[in-house]
Amino acid sequence: MAKYPFSDIEKKWQQRWEDEQTFRAVEDERFPKDKRRYVLDMFPYPSGAGLHVGHPEGYTATDIYCRYLRMNGYNVLHPMGFDAFGLPAENYAIQTGTHPAVTTYTNINRFRQQIKSLGFSYDWSREVTTCDSEYYKWTQWIFLQLFKKGLAYEAEMPINWCPSCKTGLANEEVKDGHCDRCGTKVVRKRIRQWVLKITAYAERLLADLDNLDWPEPIKLMQRNWIGRSEGASVRFAIAPREGSESAAADSASSSAEGDQLEIYTTRPDTLFGATYMVLAPEHPFVERITTEARRAAVQGYIDEAAAKSDLERTDLAKEKTGVFTGAYAINPVNGARIPIWISDYVLISYGTGAIMAVPAHDSRDWDFAKKFGLPIVQVVAAPGETGPFDREPETCTDADGFAVNSGQFDGLSTKEAIARITAWLEERGIGTKSINYKLRDWLFSRQRYWGEPIPVVHCETCGIVPLSEADLPLTLPEVKSYAPTGTGESPLAAIPEWVNTTCPRCGGPAKRETNTMPQWAGSCWYYLRYLDPHNGGAFADQEKIDYWMPVNLYVGGAEHAVLHLLYSRFWHKVLYDLGLVNTDEPFMRLVNQGMILGEDNQKMSKSRGNVINPDDIVESFGADAMRVYEMFMGPLEVSKPWSTAGLVGVSRFLERLWAISERPIVDEPMNADLEKLLHKTIKKVANDTSALNFNTAISQMMIYSNELAKLERIPRAAWEPLVLLIAPYAPHLGEELWARLGHSESISKATYPVFREELTIDEEREIVVQVNGKVRSKFSAPAGTPTDALIQMAHNAEKIADWLAGKEIVKAIAVKNKLVNFVIKG
RNA sequence: GCGAGAGUGGUGGAACGGCAGACACGCCAGACUUAGGAUCUGGUGCCUUUCGGCGUAAGGGUUCAAGUCCCUUCUCUCGCACCA
């Protein structure tokens with residue numbers, strides 16, 4: 001049998017779609033709001049390696065869904081573009097001297113051609129590229145809005161620095177103390193940075209997750225990343241010096257007296273158990289409170305801590321370290337004089353950088369107290385525990401219970417004690433209820449070339465001055481060397497004619513900002529630019545935003561859970577607050593596709609030699625086979641290994657459809673059984689497709705086509721619906737078969753088949769007869785036969801009399817249309 | 001350590017609490033064929049000659065009935081990681 005000529009067919013229809021602009025999306029008011037859908041793919045970074053079989057998985061899923069929606073009368077926006085700023089092109093430039101733009105656009109052209117070869121129904125007229133100055137003009141414009149709102153600020157702060165990428169990294173880009181991109185161990189470095197105040201939106205970013213139809217694990221990851229906790233801020237007075245220490249104290253140290261040391265705790269109920277305090281080594285009080293006698297030891301510890309990498313500092317396995325400062329604080333609830341230590345187990349970046357240590361009820365404090373012989377006082381007892389509570393406890397517990405050794409609060413439940421002690425602190429002005437977040441502000445500057453220049457200047461008289469919006473885009477200058485200086489300045493700093501400029505405010509001499517934006521900037525809002533990609537006067541027209549937004553379905557990998565997906569929610573909320581977008585969330589529904597692994601069940605990688613190139617698959621099996629196979633492999637959301645043998649199976653299925661189409665298509669009625677199967681098939685394929693359960697939809701089409709394949713002559717009424725059903729999956733084949741059926745218009749404009757519910761119901765049902773839960777027989781009964789009649793019939797079913805002979809029927813259970821179960825004894 | 005998800009034939013995977021293994025790959029047998037992952041027919045979870053028994057990581061439980069619900073354990077994947 002002749003193979004179907006997929007190569008010719010696919011080329012032909014891709015050309016047709018392009019010539020006829022078949023998938024151009026137009027803001028047609030005749031479609032009411034609920035008949036419009038915005039279906040978005042995470043756009044790719046066009047790497048030099050070309051498209052990977054993982055890319056088409058999500059793209060195929062959304063494409064099938066979009067084609068399905070269009071055939072069901074929806075106006076669908078389905079765009080594609082490229083996330084084009086980024087380090088690989090820049091690193092390549094450093095090695096070869098090739099301008100990153102050259103590499104990037106070469107790669108984009110290759111990607112676009114590869115993506116098109118798979119026959120996706122994108123509206124290519126809306127393509128965006130983030131490194132295009134007409135695009136990043138608006139990235140810069142949004143940055144200016146953030147700046148004007150006070151959400152972008154400069155700070156000199158210790159940051160995560162990747163020595164290999166020679167740039168700072170956001171917290172979200174550090175995994176296990178290593179650079180997320182290149183795996184190099186990050187170090188701490190203190191340099192001037194641009195930071196976005198994402199923490200100002202922490203509460204909303206957290207709360208609004210509840211309204212999103214996103215996978216729970218992703219929402220949970222964002223919740224954990226934001227890390228909200230409730231507790232209290234409490235001020236501890238620094239105790240006056242005593243005895244010889246006081247006499248020895250110099251004037252600088254004694255000035256600390258009267259200072260208040262503020263801490264944050266989630267367990268104010270354990271205040272009576274605070275037996276010492278710990279400051280982060282970087283805490284500003286350390287210098288002031290350290291006594292002369294302890295100064296050398298303290299300074300030594302600080303130096304040691306500074307030399308350690310974050311990874312070493314946060315290694316949980318290591319023993320706690322620390323030194324005593326010589327100073328004491330007064331516990332405000334009981335007046336106890338408690339020593340103040342420093343230790344690197346307290347982080348300067350969280351809370352106030354200082355803690356009250358409650359060793360009886362915090363395992364970290366416990367470890368520390370045990371190591372340094374500090375007192376441990378139990379202040380929470382387990383429910384029912386009777387005491388006595390005057391001994392040092394044998395174990396540490398953070399479980400709830402009731403307060404002991406806590407003065408007037410004794411006996412209160414943990415919950416009650418937290419509320420009452422917090423109120424008591426507030427009355428006396430010693431503390432307040434307080435909320436903390438793990439989320440840090442977003443480190444937004446990169447000391448690299450290939451990114452959006454940050455559109456501000458540094459003026460000697462005016463300070464930081466934003467460029468006028470009319471001066472955007474601020475384009476990247478040409479440079480001789482792309483190599484980062486590594487000193488914390490980008491290559492842009494080496495171009496005086498670009499750096500030296502005039503202040504937009506006073507006209508005096510000023511220097512341009514030489515840091516660039518991180519790769520995440522462009523992807524924060526690209527879904528908005530698709531709405532109106534060529535607009536020169538605004539990032540997008542309001543009416544177009546209102547027409548399409550929000551995104552109804554967003555499909556992409558899970559690796560962006562706390563990066564892109566958090567950042568773009570933040571930007572979107574800022575734009576919402578400025579009245580520039582119509583919703584407070586950008587992506588209503590999110591689906592993460594699973595990874596496609598190599599045939600060896602390992603992650604695909606060049607080094608493992610298990611990489612599958614989509615071009616090869618399209619070449620030898622066709623784009624339709626590739627698409628259908630990727631959807632047939634298993635559920636979209638799970639990871640699954642590639643199997644070329646499995647691909648062959650799908651290819652045979654498409655061959656079979658072609659073979660069927662070559663038989664006589666006749667205007668004759670089909671038999672009742674086939675008609676039933678047809679309507680069941682339409683129902684299942686429609687339901688599964690709209691639910692993105694593509695694997696089971698394909699399976700059903702296989703079942704149906706296997707039936708059709710048994711016929712010599714194919715009734716048109718049995719064949720046309722199958723062609724329509726397969727079209728979203730195998731669009732080239734669908735078009736060709738549709739044309740061969742005599743239709744002149746694209747099948748993508750045809751109407752999806754409709755099933756008749758009554759034809760999906762079997763009037764005869766097979767009823768299973770069980771004895772003690774085990775299947776012993778079966779019989780056929782009309783649909784809807786009442787349960788008592790089913791039980792009667794079951795008695796007469798084959799072999800059942802033997803099973804019941806001499807036994808007592810304890811109970812007979814019947815489920816309509818399904819089964820009868822006899823429960824017997826003896 | 002904490003959190004989340006997942007464990008089903010030789011393989012990918014199906015299965016509103018109701019016949020476990022749909023569909024597909026592979027394999028076996030046969031047919032046909034100038035056989036370039038070809039096409040067609042039948043078979044294919046394991047044990048047993050049959051009757052039948054056993055089977056969804058392991059163990060327990062709820063139920064007339066459990067892959068599915070509950071508890072315990074194990075393994076794998078992912079995320080977080082001294083956040084007070």
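What you see is a predicted model; the values in this text were computed from it and never measured. Just so it is clear: chains get the letters A, B, ... in the order the sequence lines come, proteins before strands, and each one is counted from 1.
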What does F632(A) touch in the nucleic acid at a heavy-atom separation under 4.0 angstrom: a base, only the sugar-phosphate, or nothing? base
Can you tell me the pairing partner of A20(B) across any strand shown, Watson-Crick or G-U wobble, with both distances under 3.5 angstrom? none
Reckon K811(A) has a side-chain N or O less than 4.0 Å from the OP1 or OP2 of C64(B)? yes
Any donor-acceptor N or O pair under 3.5 Å, side chains W442(A), E172(A): no
Determine whether the side chains of Q700(A) and T681(A) contain a donor N or O and an acceptor N or O closer than 3.5 Å. yes
Of A14(B), C23(B), C54(B), the nucleotide closest to the side chain of K774(A) is C54(B)
Between G79(B) (C1') and D180(A) (CG): distance, integer Å: 12 Å
How would you label the contact of S639(A) with the nucleic acid (heavy atoms, under 4.0 Å): base, sugar-phosphate, or nothing? sugar-phosphate
Nucleotide opposite C51(B) in a Watson-Crick or G-U pair, distances under 3.5 Å: none
Using a heavy-atom cut-off of under 4.0 Å over every strand shown, decide if V358(A) touches base, sugar-phosphate, or nothing. nothing
How many whole angstroms separate atom NZ of K640(A) from atom P of C23(B)? 21 Å
Is there a donor N/O on one and an acceptor N/O on the other, under 3.5 Å, for the side chain of K320(A) and the base of C82(B)? yes
Could you tell me whether E216(A) contacts a base, only the sugar-phosphate backbone, or nothing, with contacts defined as non-hydrogen atoms closer than 4.0 Å? nothing
Any strand, both distances under 3.5 Å, Watson-Crick or G-U wobble: G5(B) pairs with C76(B)
Name the nucleic acid region contacted by S643(A), choosing base, sugar-phosphate or nothing; use a 4.0 angstrom heavy-atom cut-off, strictly under. nothing
Does K175(A) make a side-chain N or O approach to OP1 or OP2 of C80(B) shorter than 4.0 Å? yes
Which of parallel (below 30°), tilted (30 to 60°) and perpendicular (above 60°) describes F372(A) and W341(A)? tilted
Which whole number of Å gives the distance between the P atom of C76(B) and that of C25(B)? 33 Å
Heavy atoms from C-beta onward define the side chain here; which of G37(B), A22(B), A84(B) lies closest to that of D362(A)? A84(B)
Please work out if V815(A) contacts a base, only the sugar-phosphate, or nothing of the nucleic acid, heavy-atom cut-off 4.0 Å. base
May I ask you to say what I355(A) touches in the nucleic acid, namely base, sugar-phosphate or nothing, with a heavy-atom cut-off under 4.0 Å? base
Proximity to the side chain of D176(A) - top-ranked nucleotide from A81(B), C19(B), A15(B): A81(B)
Taking any heavy-atom pair under 4.0 Å as a contact, classify R440(A): base, sugar-phosphate, or nothing. base
Taking the cut-offs as 6.0 angstrom to the six-membered ring centre and 45 degrees off its axis, would you call K320(A) and Y345(A) a cation-pi pair? yes
Just how far, in rounded Å, is C1' of G42(B) from CG of N706(A)? 15 Å
With both distances under 3.5 Å as the test, what is the Watson-Crick or G-U wobble partner of U68(B)? none
Donor-acceptor pair, side chain of Y629(A) and main chain of S643(A), under 3.5 angstrom: yes
From C-beta outward on Y345(A), which listed nucleotide comes closest to its side chain: A24(B), C64(B), C82(B)? C82(B)
If we call it a pair only when both distances are under 3.5 Å in a Watson-Crick or G-U wobble match, what pairs with U62(B)? none
With the side chain defined as heavy atoms from C-beta on, Y264(A) is closest, among A84(B), A24(B), G37(B), to A84(B)
Given atom CG of L677(A) and atom P of C23(B), what is their separation to the nearest angstrom? 12 Å
Under 3.5 Å for both donor-acceptor distances, Watson-Crick or wobble: does A29(B) have a partner, and if so which one? U41(B)
Looking at every heavy atom in both M626(A) and I617(A), which two are closest together, and how far apart are they? SD-CG2, 3.5 Å
Rounded to whole angstrom, note down the C1' distance from G60(B) over to G5(B). 24 Å
Tell me whether E173(A) contacts the main-chain N or O of C179(A) through its side chain, where contact means a donor paired with an acceptor under 3.5 Å. no
A645(A) has a side chain; which of G18(B), C25(B), A84(B) sits nearest to it? C25(B)
What is the nucleic acid contact for L819(A), judged by heavy atoms within less than 4.0 Å: base, sugar-phosphate only, or nothing? base
Determine: side-chain N/O of N817(A) to OP1/OP2 of G18(B), distance under 4.0 Å, yes or no. no
If you look at every strand shown and take non-hydrogen atoms under 4.0 Å, does S229(A) touch a base, only sugar-phosphate, or nothing? sugar-phosphate
Rounded distance in Å - CD (E798(A)) to P (C19(B)): 20 Å
Taking the side chain from N695(A) and the backbone from M631(A), do they hold a donor-acceptor pair closer than 3.5 Å? no
In this structure, how many angstroms lie between the P atom of C23(B) and the CG atom of L657(A), rounded? 16 Å
Please check the phosphate of C25(B) (OP1 and OP2 only) for any side-chain N or O of R652(A) closer than 4.0 Å. yes
Write down the distance separating the C1' atoms in U77(B) and C71(B), rounded off to the nearest Å. 24 Å
Look at the side chain of Q378(A) and the backbone N and O of V380(A), then say whether any donor-acceptor pair between them is shorter than 3.5 Å. yes
Here the distance between atom C1' of U11(B) and atom CG of D600(A), to the nearest Å, is 14 Å
Select base, sugar-phosphate, or nothing to describe what E766(A) touches, counting heavy atoms under 4.0 Å on all strands. base
Taking the P atom of each, how far is U11(B) from C16(B), in whole Å? 23 Å
Counting any heavy atom closer than 4.0 Å, what does D365(A) reach on the DNA or RNA strands: base, sugar-phosphate only, or nothing? nothing
Check this one for me: any side-chain N or O of N695(A) less than 4.0 Å away from OP1 or OP2 of A14(B)? yes
Side chain of V775(A): nearest nucleotide among C19(B), C80(B), G37(B)? C19(B)
Which nucleotide in the set G37(B), G18(B), G52(B) lies at the smallest distance from any side-chain heavy atom of N821(A)? G18(B)
